[in-house]
Structures are given as structure tokens and as C-alpha cells.
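Residue numbers start at 1 and run along the sequence shown. We count ligands from 1, going down the list as the structure has it; atoms in each ligand are counted the same way.
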Amino acid sequence: MAAITYEHIKTCKQTGARLGKVHTPHGSFDTPSFMPVGTLATVKTMSPEELQEMQANIILSNTYHLWLRPGEDIVKEAGGLHQFMNWDGAILTDSGGFQVFSLSDLRDIVEEGVHFRNHISGAKLFLSPEKAMQIQNDLGADIMMAFDECPPYPASYEYMKKSVERTSRWAERCLEAHQRKNDQGLFGIIQGGEYEDLRKLSAQDLTSMDFPGYAIGGLSVGEPKDVMNRVLEFTTPLLPADKPRYLMGVGSPDSLVDGAIRGVDMFDCVLPTRIARNGTCMTSQGRLVVRNAKFARDFSPLDPECDCYTCRNYTRAYIRHLVKNNETFGMRLTTYHNLYFLLELMGQVREAIQQDRLGDFREAFFEQYGFNQP
Ligand SMILES: Nc1ccc2nc(N)nc(O)c2c1
Ligand SMILES: [Zn+2]
């Protein structure tokens with residue numbers, strides 16, 4: 001199978017943003033790119049056809065969750081994730097480390113890996129770099145992630161240093177355990193928190209292992225936006241210019257624009273799909289909570305400037321009625337719109353990079369969307 005390759009097209013003259021393409025065995029996608037999250041082998045309430053219609057060319061799924069349910073053995077028997085979920089675009093699987101740290105109360109990190117409890121049954125489990133690679137190879141995603149520790153925020157310098165050194169040793173073990181040596185398809189994850197020298201140490205360790213792409217982990221874990229932006233400013237330049245850079249767990253419209261400006265190529269976040277299910281929508285005028293009584297007789301679209309299926313065919317009054325009555329179709333309409341909104345936003349970001357005006361775009365977008373100007 002082909003490797004994962006990055007094609008740099010141009011860098012915006014006004015900012016550090018870059019326009020590119022990532023090529024995978026299941027097609028290519030333009031960057032900067034937002035990747036919808038499909039944790040349990042489905043982007044909740046969306047069909048593959050709807051995802052293709054809105055040009056989501058890569059989606060995420062998750063090692064930890066699929067290991068627990070239905071079990072990677074069943075997915076493997078189905079012929080892998082693409083077959084199992086009838087998705088022929090690209091798939092990226094996170095390695096499970098983050099989910100263990102965020103979901104499981106009891107956990108004990110040792111050199112070998114992490115002891116923790118199954119967050120559903122409470123049973124004791126153990127995840128190691130080798131186990132995470134075996135699960136991901138069985139799932140068969142195009143892009144897999146190394147098994148890392150995502151330390152809590154804030155973390156002391158001493159804790160962070162030990163964690164970075166162990167994550168580098170784990171990355172080495174992941175490369176070792178990766179069965180699909182020829183197609184690479186395994187990204188390293190840079191840790192180090194907000195400590196510039198530890199980010200440098202992590203980047204040096206991982207780039208020396210020559211992964212086909214690199215993720216910036218340990219962010220979007222509760223730190224203020226200016227801390228995230230500062231860490232990106234000194235971390236993205238440490239990564240090879242000819243490989244994709246993936247900021248994990250991000251995010252909101254403003255963070256996507258600010259991450260692109262700082263040289264990030266790939267983003268993922270559950271935010272758009274999660275808030276959609278309780279009726280919160282991202283629109284060109286800012287967030288809209290469609291449950292709100294003021295929309296009871298509002299027969300305009302969620303977003304007058306959006307041309308998605310939801311906005312072309314349904315009104316705020318109708319969607320409010322569905323969401324208030326927990327009608328599944330309501331969640332489908334808000335999810336479709338939120339994903340379309342972010343994918344459209346990334347299209348506008350790519351166009352602004354092409355025209356060397358992403359700084360101006362940020363200005364206008366933040367003004368219109370209502371983000372406080374820094
Ligand atoms: N904010 C996030 C989200 C997902 C992550 N996944 C891994 N494996 N590592 C991290 O640091 C993450 C951070
Ligand atoms: Zn819409």
C-alpha cells in the first residue's frame with residue numbers, strides 16, 4: 001500500500017499558514033483540513049453518503065472504544081474499518097492513550113504501558129504501545145497514531161519531562177510493533193505541555209524516528225487559547241515542512257483559523273457533532289441555540305449564509321420543534337449543518353491562503369462570528 005505523503009502547495013505570504021494535500025491509500029484530502037470524529041465507527045447520525053456529499057474526505061475513529069466495543073477482532077473479520085462501516089474515504093485512528101487518561105478513573109502508568117479500568121464494565125485493562133499497534137493494525141486505518149501519554153493540564157516540569165521521555169520510548173516501540181512497515185501510515189505525537197524545551201526534546205526524539213506525519217498532542221486539554229497559540233508558535237517550526245502536522249482535539253472555529261495560521265494542516269474535534277446533538281449550531285453570526293423560545297416562529301434557516309442541505313430545506317422553528325422533542329431527525333439536521341459549516345470554513349481558509357490573505361480573513365471572520373479580538 002502507498003505511504004502517507006504530504007504535498008506542499010504554497011505558504012500564505014501574510015501568515016505561516018500552508019496549503020497542501022495529504023495522499024493516503026483511500027484518497028487525498030486538501031489541507032488545512034477538519035476531520036469529523038466517528039469514535040465508534042460512525043460519525044454520529046451521519047451516513048457515509050452524507051459525509052461524502054459534504055466532502056469530508058477523512059474521518060476519525062478510536063482504538064480504545066473499538067477495542068472495548070465491538071472488539072477489533074470483529075472489525076478485522078469484517079475486512080477492516082472501511083468495510084465494516086462502508087466508508088471508502090481515509091480513516092485515522094487515535095491510539096487510545098488519550099481516552100484512557102480522559103475516561104478511566106483508575107489508571108497506573110508504568111514503563112510497560114497503562115493499567116486502567118474499562119469505563120463501561122469497570123474490568124481491569126492494560127494498554128501498551130504494542131497492544132495499541134495490534135488493535136490499530138487490525139482495524140486497518142490509513143493513518144494510525146503512536147501510543148502516548150497526554151498529561152493533564154497543568155503538569156509540573158518534572159512530571160512533564162519524565163512523561164515526554166517515556167512517550168518517546170513508547171513511540172520507538174510503536175514503530176517496532178507496526179506490522180505494515182512498508183506503508184508507514186503511523187504518526188508520531190509530540191508532547192511537552194507548555195514547556196518550550198520539552199516540546200523541542202519531544203520533537204527531536206520523534207523526528208529522528210522519521211514518521212510520515214506528526215501530531216501535536218497535549219493541547220486542547222483545558223489550557224487558555226493564548227497558551228495553545230504560544231505552544232503552536234514554537235512547536236510547528238520544529239516539525240519537518242514536508243510532512244503533515246496534526247493538532248489533536250481542536251476544535252472551535254477560532255482555534256481552527258488560529259491553528260492554520262500557525263502552520264497546522266489537520267484538525268479533529270468532537271465539538272461540532274457533540275453540541276449539535278443538544279441543538280447548538282455554529283453559524284456565520286456566531287453560536288445559535290435552536291432550542292431557544294425566540295426561534296419558535298422563526299421560519300428562516302439556521303444560517304442564512306449557509307447552502308447546506310439543512311439550511312436549504314428546513315427552518316429554525318422546525319428544527320427547534322424536533323430538538324425539543326428529542327426527534328432523531330433534529331440531531332441529524334444540526335449535525336449535518338455543523339459539520340458542513342466547519343468543512344466550509346476550512347475551504348475558505350484554504351482559499352485565503354491561496355490568495356495570501358489569511359490574516360485579513362481572520363480579522364473579518366472573528367468580527368462577524370463575534371470572537372473577542374485579542
Ligand atoms: N486534545 C487531545 C486529543 C486527543 C489526543 N490523542 C492523543 N493520542 N494524544 C493527545 O495528546 C491528545 C490530545
Ligand atoms: Zn447549514
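Although no hydrogens or angles enter the test, the distance criterion places a donor-acceptor pair under 3.5 Å between the side chain of Ser102 and the main chain of Phe98.
Applying the ring pair (Phe, Tyr, Trp, His ring centres under 6.0 Å) rule to pairs touching residues 109-142 yields Tyr64-Phe116, Tyr64-His119, His65-His119, His115-Phe126, sequence neighbours excluded.
The shortest side-chain heavy-atom distance between Gln285 and Tyr369 does not fall under the 4.5 Å cut-off. Proximity of Asp148 to Gln191: side-chain heavy atoms (C-beta onward) are separated by under 4.5 Å at one or more points.
Within 4.0 Å of ligand 1, heavy atoms belong to protein residues Asp94, Ser95, Phe98, Asp148, Cys150, Ile189, Gln191, Gly217, Gly218, Leu219, Ser220, Met248, Gly249.
Within the cation-pi definition used here (under 6.0 Å to the ring centroid, within 45° of the axis), Arg362 qualifies as a partner of Phe366.
When each of Ile189, Val100, Ile109 is tested with Glu149 by the rule side-chain contact (heavy atoms from CB on, under 4.5 Å), just one qualifies, namely Ile109.
Side-chain contacts under 4.5 Å among hydrophobic residues (ILVMFWY), followed directly or transitively, place Leu201 together with Tyr157, Met160, Val164, Tyr195, Leu198.
Listed by chain and residue number, the protein N/O/S atoms under 2.8 Å of the Zn ion (ligand 2) are Cys306 SG, Cys308 SG, Cys311 SG, His337 ND1, with waters left out.
Ion pair Glu72/Lys131 flagged as a salt bridge, since at least one NZ, NE, NH1 or NH2 atom sits closer than 4.0 Å to an Asp/Glu carboxylate oxygen.
Shown here is Lys324, whose NZ atom has no more than 12 heavy atoms of other residues, nucleotides or ligands within 6.0 Å.
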